[in-house]
Amino acid sequence: MTSHFDAVTDRRQSKKCTYSQSDVLMSAFACMYFQQPSLLHFQRKMQEGRHKNNCRTLFGIEKIPQDSQLREVLDNIPSDLLAPVFKDFFGRLRRHKHLEDYAILPNVLMCSIDGTQYYSSKKIHCEHCLHKEHKTGEKTYSHAVLQGAIMHPDKKQVIPVMPEPIQNSEPAVKVSPLKEKQDCETKAAKRFIERLKSTYPRQRFLICGDGLMSHQPLINEVLAKDMHYIFVCKPGDHKYLFEWLNDYPELPSLEITDKKGRTHQYRWQNKVPLHGQADAILVNYFEHKIINSQGKVTSTYSWVTDIEINEKNIIKMVKAGRCRWKIENECFNTLKNQGYHLEHNYGHGKEYLSYNMYLLTLLAFYCHQIFELTDKAYQACRKRYGSKQSLWETLRVTIQFFIFNSWEAMLSFLLMTNDEQDEFIKKM
Ligand SMILES: [Zn+2]
């Protein structure tokens, strides 16, 4: 990580700086990595008492910055400068063949996209904030991103890519005295797809998105970038398409009964017009219904795609479409509820602070996903300490008392027997 953060251009006048920009980035990253906002405070204390600390040994931080300076410096680093870190992590995973298991079709990776909000306030705001006026006249300001992550139905880990901010680029355009045209998820999706293509020009993707995405301009954008898509398609948003489907006496279908006695009904129809206008593109429709043993339909899912559906691929396609929940579950929920404190208010800043905090949190999460995929010692620790939470709880306590020269040394300490740990501590 240090080499990445050293590479981020420092726009400050060097004489006035107490802390290096790399130390600032790494310090914020370290807090997210250990999911501990008070990490720097404890390690500063350790430095005072023992003249060394884990921030230096584990993260190469020369001098731990004070919180106020940390915020100030981070606020001035343009967020796009962090994009190469995502690209580099991806490149390493690919070179070490960890992405091969993620191919959803030969040489195609599935990238699910979804919007999430990471900052919200009733008072503090900037010209880029999205805003919503309530009936009471009160306003809520927020920042959000369109996040993308590579995933596969059979893999628990998701691999995030650089998100696209959902924010107003200039003061929002006034359409009428009351209404303003603001940035939104679908506009951000278009920019996200352009960025994904230019970052990974030789990689083919299948973009998976919710019902907001199943409209012609975005589908055309995806196809123009030589990508595939699976977008949710609901009857309420696509009346014409569903009427068209109803005109068929029968759709091709497949039925399977599972161990719980539920029936899975799969139906599909290729080359259906997306809407009723003359220029409508043709899409391939497919759906999945779950019917319980009493004959009641308990869930219905439906999508459109450019991939031709047949009896051989229908189940795989449904699995791919349904795996989209992972971006919500494995990515956003983890960031928000599992100790990453994503919605903890780190502050809005004037320029880039809140977005940089989001990106550093995402990078910490990315590192942890990489460990789960590739690091044998980490995997052994996960087994030994049960849940991810209890492992990180143990790690946080451990670094408050002991100083380790490396991440590997720390993990091997956790994997020692009690006697070995006693011996190790005596030698410290
Ligand atoms: Zn703002």
Side-chain angles (χ1 to χ4, degrees), residues 8-12 21 24-25 27-29 31-32 37 65 67-83 85-86 113-148 160-192 194-195 212 327-328 331-333 335-337 340-365:
V8 175
T9 320
D10 195 340
R11 306 190 303 171
R12 302 171 301 164
Q21 183 175 275
V24 167
L25 281 167
S27 297
F29 173 76
C31 291
M32 309 307 183
D67 290 359
S68 58
Q69 272 136 318
L70 180 132
R71 286 201 166 85
E72 200 187 303
V73 177
L74 277 180
D75 196 21
N76 283 302
I77 303 173
S79 307
D80 265 349
L81 295 176
L82 294 171
V85 189
F86 287 88
I113 54 175
D114 204 358
T116 192
Q117 180 181 302
Y118 63 85
Y119 175 86
S120 155
S121 167
K122 289 210 156 62
K123 287 189 202 123
I124 302 165
H125 59 95
C126 67
E127 60 180 13
H128 301 300
C129 272
L130 300 173
H131 47 86
K132 203 166 138 187
E133 195 162 341
H134 304 279
K135 279 181 187 155
T136 53
E138 214 177 21
K139 272 190 176 179
T140 305
Y141 300 94
S142 64
H143 281 263
V145 288
L146 188 90
Q147 184 63 56
V161 297
M162 179 74 179
E164 181 63 36
I166 307 175
Q167 60 179 20
N168 297 320
S169 51
E170 291 117 33
V173 183
K174 281 220 187 280
V175 180
S176 71
L178 287 171
K179 270 196 172 169
E180 282 176 336
K181 228 183 173 137
Q182 296 198 64
D183 196 19
C184 63
E185 239 177 82
T186 45
K187 286 187 204 164
K190 188 171 174 286
R191 300 193 301 270
F192 174 89
E194 278 164 11
R195 186 202 283 266
L212 283 175
I327 194 163
E328 187 69 36
C331 191
F332 299 153
N333 283 354
L335 292 177
K336 286 175 186 176
N337 306 323
Y340 290 88
H341 310 278
L342 182 62
E343 283 182 346
H344 178 292
N345 203 345
Y346 285 107
H348 179 283
K350 288 195 186 87
E351 292 270 347
Y352 306 105
L353 180 64
S354 61
Y355 192 33
N356 283 344
M357 284 296 192
Y358 172 80
L359 291 174
L360 291 167
T361 310
L362 192 65
L363 283 171
F365 168 76

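The basis for the numbers below is simple: all heavy atoms, side chains too, and nothing from hydrogens, waters or symmetry mates. As the structure lists them, so they are numbered: ligands from 1, and atoms in each ligand from 1.
- C31 is linked by a side-chain contact (heavy atoms from CB on, under 4.5 Å) to L39, L40, counting only residues two or more places apart in sequence or in another chain.
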Yes or no on ring-ring contact (aromatic ring centres under 6.0 Å, His included) for H348 and Y119, after CA distance, side-chain angles and deciding distance? CA-CA 7 Å; H348 179 283; Y119 175 86; 5.0 Å; yes

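- Judged as a ring pair (Phe, Tyr, Trp, His ring centres under 6.0 Å), and not counting sequence neighbours, F192 has no contacts.
- Partners of F86 according to the ring pair (Phe, Tyr, Trp, His ring centres under 6.0 Å) rule, which considers only residues two or more places apart in sequence or in another chain, do not exist here.
- Contact record, V8 with L82: CG2-CD2, 4.5 Å, taken as the closest heavy-atom pair.
- Between R11 and Y352, the shortest heavy-atom distance links the atoms NH2-CE1, 4.3 Å.
- Near the Zn ion (ligand 1), less than 2.8 Å away, sit the protein N, O or S atoms C126 SG, C129 SG, H143 NE2, H348 NE2.
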